[in-house]
Novice: 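My structure is below; once you've seen it, I'll send some questions.
Order of listing sets the numbers, starting from 1, for every ligand and every atom in it. Residue numbers run from 1 in the order of the sequence given. All values reported here derive from a predicted model rather than from experimental measurement.
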Amino acid sequence: MLQLVGVSKSFQGVVAVQPLDLTVAEGRTTVLIGPSGCGKSTLLRLMVGLIEPDNGQVLFDGVPITRSSARQLRQRIGFVVQDGGLFPHLSARENITLLARHLGWPASRLKDRVTQLAELTHFPLDKLAFYPAQLSGGQRQRVSLMRALMLDPTLLLLDEPFAALDPLIRYELQAELREIFRQLNKTVVLVTHDLTEAGYLGDEVVLMHAGRIVQQAPYRTLLEQPAEEFVTRFIQAQRPPETI
Ligand code: ADP
Ligand code: MG
């Protein structure tokens with residue numbers, strides 16, 4: 001489904017992603033995890049074609065993502081950016097439907113799809129007319145998710161979707177998202193820096209450090225068969241409650 005081959009990326013001489021290979025399994029949830037600045041967001045932006053690699057290729061269904069193919073492919077890739085990225089001057093409904101309206105969907109189809117998504121994400125219908133500033137953090141994240149799902153993409157990318165939420169809302173949304181992923185059966189790549197979240201949501205965890213992939217494996221394997229010392233250090237740094 002999604003394949004990165006020898007992909008690397010630097011910004012003004014600063015290496016964000018070292019040459020790496022990564023295959024994202026179809027219909028499963030892959031979680032990118034690692035410390036701040038290790039290249040997670042850069043990798044996600046490469047996957048959606050927002051930036052181009054310095055070397056190597058990103059293949060989507062075997063087709064290289066280039067500047068020219070990215071626009072077309074992006075309709076099949078839903079992307080939730082790190083801060084939600086909603087337009088403040090558009091209502092929730094207008095944010096969600098922006099791309100579909102641009103593609104000329106008729107009003108009835110827009111309405112049906114939004115209603116369907118609001119049900120899926122448990123978003124109150126009477127708040128679809130609200131602007132982002134009038135919504136809670138959890139509601140804004142649901143709007144971002146609906147916007148990403150609007151065109152029914154085959155691939156869904158989410159960059160730290162819970163980072164700005166308080167713990168209770170975060171807990172609730174994690175559970176809902178896991179259920180949504182299960183229902184939709186989509187290929188999902190999610191970025192987080194929270195190991196518990198990675199284990200809870202991911203079929204596969206990709207642990208990154210300083211622009212490279214340290215280990216790609218199911219959560220259990222990371223715990224039981226760490227590929228190198230950094231894996232163990234990273235796991236231990238996420239202090240379990242009973243050790244406090
Ligand atoms: P993460 O999402 O894991 O926190 P990022 O992918 O955002 O990490 O960043 C990886 C590295 O690349 C960091 O050192 C960051 O400062 C740098 N970087 C990312 N985007 C840019 C950019 N547009 N311009 C300059 N440096 C960048
Ligand atoms: Mg980031």
Side-chain angles (χ1 to χ4, degrees), residues 2-24 29-58 60 65-67 70 74 77-86 137-138 140-141 144-145 147-148 155-167 169-170 173-174 177 187-202 204-217 219 222 226-238:
L2 194 68
Q3 233 183 331
L4 283 73
V5 187
V7 164
S8 67
K9 184 73 188 177
S10 297
F11 297 100
Q12 294 100 37
V14 178
V15 178
V17 173
Q18 300 190 40
L20 58 78
D21 300 324
L22 173 66
T23 300
V24 172
T29 301
T30 300
V31 177
L32 302 181
I33 190 169
S36 181
C38 72
K40 306 182 294 296
S41 294
T42 303
L43 209 54
L44 220 56
R45 292 171 69 218
L46 286 163
M47 288 178 183
V48 74
L50 282 175
I51 50 176
E52 286 193 82
D54 298 334
N55 295 292
Q57 276 192 328
V58 182
F60 181 74
I65 300 186
T66 61
R67 210 174 281 274
R74 233 174 276 155
I77 305 175
F79 188 29
V80 178
V81 299
Q82 196 156 349
D83 60 0
L86 296 175
R140 278 200 291 273
Q141 282 309 84
S144 302
L145 182 61
R147 184 173 65 177
L155 176 65
L156 182 63
L157 307 175
L158 307 105
D159 197 349
E160 307 218 26
F162 312 111
L165 302 178
D166 73 64
I169 300 289
R170 189 185 176 106
L173 254 181
Q174 283 168 345
L177 208 58
T187 306
V188 178
V189 182
L190 182 138
V191 168
T192 181
H193 54 255
D194 182 318
L195 190 66
T196 323
E197 189 168 291
Y200 180 66
L201 291 170
E204 186 100 327
V205 178
V206 177
L207 178 60
M208 294 181 67
H209 180 41
R212 69 185 181 92
I213 295 173
V214 177
Q215 190 166 10
Q216 176 177 10
Y219 176 69
L222 251 67
E228 52 185 87
E229 205 217 320
F230 176 76
V231 182
T232 311
R233 274 200 291 139
F234 187 82
I235 291 167
Q236 281 171 353
Q238 312 239 342

Novice: Quick one: CG on D159 to OG on S144, what's the gap to the nearest 0.5 Å?
Specialist: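 Going from the CG atom of D159 to the OG atom of S144 covers 11.5 Å.
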
Novice: How long is the straight-line distance from CG of L32 back to OG1 of T42, given to the nearest 0.5 Å?
Specialist: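 If I round to the nearest 0.5 Å, the distance is 11.0 Å.
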
Novice: So how far is it from I33 CD1 to L222 CG, rounded to the nearest 0.5 Å?
Specialist: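 It is 8.5 Å, given to the nearest 0.5 Å.
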
Novice: Could you state the interatomic distance from CZ (R74) to CD1 (I65), rounded to the nearest 0.5 Å?
Specialist: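 The CZ atom of R74 sits 9.0 Å away from the CD1 atom of I65.
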
Novice: How far does CG of L195 sit from CD of E197, to the nearest 0.5 angstrom?
Specialist: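 If we round to the nearest 0.5 Å, L195:CG and E197:CD are 10.0 Å apart.
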
Novice: Just list the N/O pairs, ligand 1 to protein, that are under 3.5 Å apart, with the distance for each.
Specialist:
from, atom 1, to, atom 2, distance (Å)
ligand 1, 2 (O), S41, N, 2.9
ligand 1, 2 (O), S41, OG, 2.8
ligand 1, 3 (O), C38, N, 3.2
ligand 1, 3 (O), G39, N, 3.1
ligand 1, 3 (O), K40, N, 2.9
ligand 1, 3 (O), K40, NZ, 2.9
ligand 1, 4 (O), G37, N, 2.7
ligand 1, 6 (O), S41, N, 3.4
ligand 1, 6 (O), T42, N, 2.9
ligand 1, 6 (O), T42, OG1, 2.6
ligand 1, 8 (O), G39, N, 3.3

Novice: Rounded to 10°, how many degrees is the angle OE1/Q82-the Mg ion (ligand 2)-OG/S41?
Specialist: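 Centred on the Mg ion (ligand 2), the OE1/OG angle is 80° (to 10°).
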
Novice: Nearest 0.5 Å please: distance from the CZ atom of F60 over to the CG atom of L155.
Specialist: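 Nearest 0.5 Å value for the CZ-CG distance: 5.5 Å.
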
